[in-house]
Amino acid sequence: MPLYKEFTKGLWKENPVFVQVLGMCPTLAVTTSAIYGFSMAAATTFVLVSSSFVVSVFKRFIPNQVRIATYTVIIATFVTVAHYFLKANFPPISKALGPYVPLIVVNCIILGRAEAFASKNSVVRSLADALGMGVGFMIALVILGGVRELFASGAVFGYTVMPHWQPWVIMILPAGAFISLGILVGVFNLISTRMKR
Amino acid sequence: MKNALRMISVLIIVGLVSGGVLVCVYNYASPLIQRNEEEALQEAIFKVLPGITKYNELKKDGMTLYEGLDQKGNVSGYVFIAEGNGYQGPIRLIASLDKDLSRLTGLEVLESSETPGLGAEITQEFFKEQFRNLPVLLKIAFTKGAVSKPNEVQAITGATISTRAVVEILNLKIEEIRSVFGK
């Protein structure tokens, strides 16, 4: 498989949210606006790329029996770094994301990529794979956050695009997250099947 | 046996390196985080007590009250922070009292996770405005109808629990403040 395909598979064919349906907790919880979705995905991508890199570099030294424990410590370290970085430099975003940044530790995309990919592939391929998955996650969260923000307030990324919009309160509530995600996954599947024909 | 030793040593090394990294990150971030918190507090105090030029922190019996001073150094009011449970999570308020501790002069919501469109209306100006110049010698009360007494505020439609939470958080804290700091 050519290297660029390791990257692009995460964007569409194996998109972590729309196809693998992983990492649903932050996907549903923080996407009340496009900017929160973006920040959450950026933090996740940082952790994903860094931990895939470290796991891939040290894969030969990690004994098989304790690999999950080792991966978890590595992931938790990067998550704490991201958490403190956001708290120190972007306090409003850190406050809005609340407990979901520390919860990146248990995001299955990250442990999943470490176990399924980084522990078996070269460093360069692992980086391409992690970056692709991270960007795929970001695309999904920004679309979902954008859609919810648009219907909830008539704005996207804080810029008003639909003035005089009567806000749909349900879109910022959890129910709005489920409805939007369901419709988006449906649209995604529709496009995929059309493309295969 | 050899394998067990290897497992133990790998885990120890990973743990030590991780700990070391976290120490560095914490040392870098903690002064910045503290500064952010102080700035947020300062901003909030100046917001509920406009017109002051500086403030002092008063501490007594484990309670903190901020004393706002105007240009001439006269006390223009006191600011307190109060916290309690709302409908969906904690509500944190900052409010100011006049210098006799007898009237509320301002209210801001620092933190809340109430239902958007209903309980979250407590952060709206029309609701907070009701607490401006509200006498607090009697307990604050709320009504669902028209306001008829001087110590009453009007509840938000569909969000009685959030309204009650705000009123009760304020009543409780004001009573404490008056018993600790009152003369």
Side-chain angles (χ1 to χ4, degrees), chain A residues 29 32-33 46 50-51 54-55 57-96 98-99 101-102 105 148-149 151-153 166-177, chain B residues 1-44 87-92 109-121 123-124 156-159 162:
Chain A
T32 49
S33 75
F46 162 75
S50 321
S51 50
V54 172
V55 166
V57 168
F58 295 104
K59 59 181 180 286
R60 284 193 300 123
F61 303 100
I62 301 171
N64 206 26
Q65 298 91 328
V66 292
R67 66 184 193 285
I68 300 293
T70 315
Y71 299 162
T72 311
V73 174
I74 293 170
I75 294 167
T77 309
F78 285 116
V79 169
T80 315
V81 170
H83 180 53
Y84 273 103
F85 179 78
L86 282 177
K87 230 173 142 179
N89 295 304
F90 303 98
I93 288 178
S94 168
K95 212 173 154 191
V101 174
V105 175
R148 289 178 68 190
E149 190 183 355
F151 288 113
S153 66
Q166 177 63 42
W168 297 4
V169 172
I170 192 172
M171 293 308 274
I172 18 179
L173 297 178
Chain B
M1 190 57 205
K2 211 183 144 204
N3 200 19
L5 274 178
R6 202 170 143 233
M7 276 156 49
I8 293 168
S9 52
V10 166
L11 278 179
I12 288 175
I13 292 167
V14 170
L16 285 177
V17 172
S18 151
V21 169
L22 292 184
V23 168
C24 299
V25 172
Y26 184 81
N27 280 341
Y28 154 76
S30 69
L32 286 172
I33 293 170
Q34 211 183 342
R35 207 191 61 203
N36 290 337
E37 279 168 4
E38 274 164 18
E39 271 173 14
L41 175 72
Q42 200 170 341
E43 203 178 302
Y87 180 55
Q88 274 180 333
I91 297 181
R92 239 162 84 87
V109 179
L110 292 177
E111 223 176 288
S112 73
S113 45
E114 302 305 287
T115 323
L118 297 170
E121 300 286 295
T123 59
Q124 298 283 329
I156 295 164
T157 316
S162 305

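In what follows, every heavy atom counts, from backbone to side chain, and hydrogens, waters and symmetry copies are set aside. Quantities reported herein were computed from a predicted structural model and do not represent experimental measurements. In what follows, chains are A, B, ... by sequence order, proteins preceding strands, each numbered from 1.
Interface remark: A:V81 contributes backbone and side-chain atoms alike to the contact with chain B (heavy atom separation under 4.5 Å).
The candidate with the highest count of non-hydrogen atom pairs below 4.5 Å against chain B, out of A:V54, A:T80, A:V66, A:V169, is A:V66. Your options are B:L22, B:V21, B:V17, and the one with the most heavy-atom pairs under 4.5 Å with chain A is B:L22. When A:A76, A:P91, A:P167, A:A152 are compared by the number of non-hydrogen pairs under 4.5 Å with chain B, A:P91 comes out ahead. The choice from B:V25, B:L32, B:I33 that makes the most heavy-atom pairs within less than 4.5 Å of chain A is B:I33. Note on B:P31, B:A40, B:A29: by heavy-atom pairs under 4.5 Å with chain A, the leading option is B:A29.
Of the possible donor and acceptor atoms, none in the side chain of A:S94 sits under 3.5 Å from a partner among the backbone N and O of A:F90. Checking side-chain atoms of B:N36 against main-chain N and O of A:A88 turns up a donor-acceptor pair under 3.5 Å. No donor-acceptor pair closer than 3.5 Å links the side chain of A:R148 to the backbone N or O of A:I170.
Shown here for A:F61 and B:V10, the closest heavy-atom pair between the two residues is O-CG2, 3.4 Å.
Between A:F151 and A:W168, the angle of the ring planes stays under 30°, which puts this pair in the parallel group of the 30/60° scheme.
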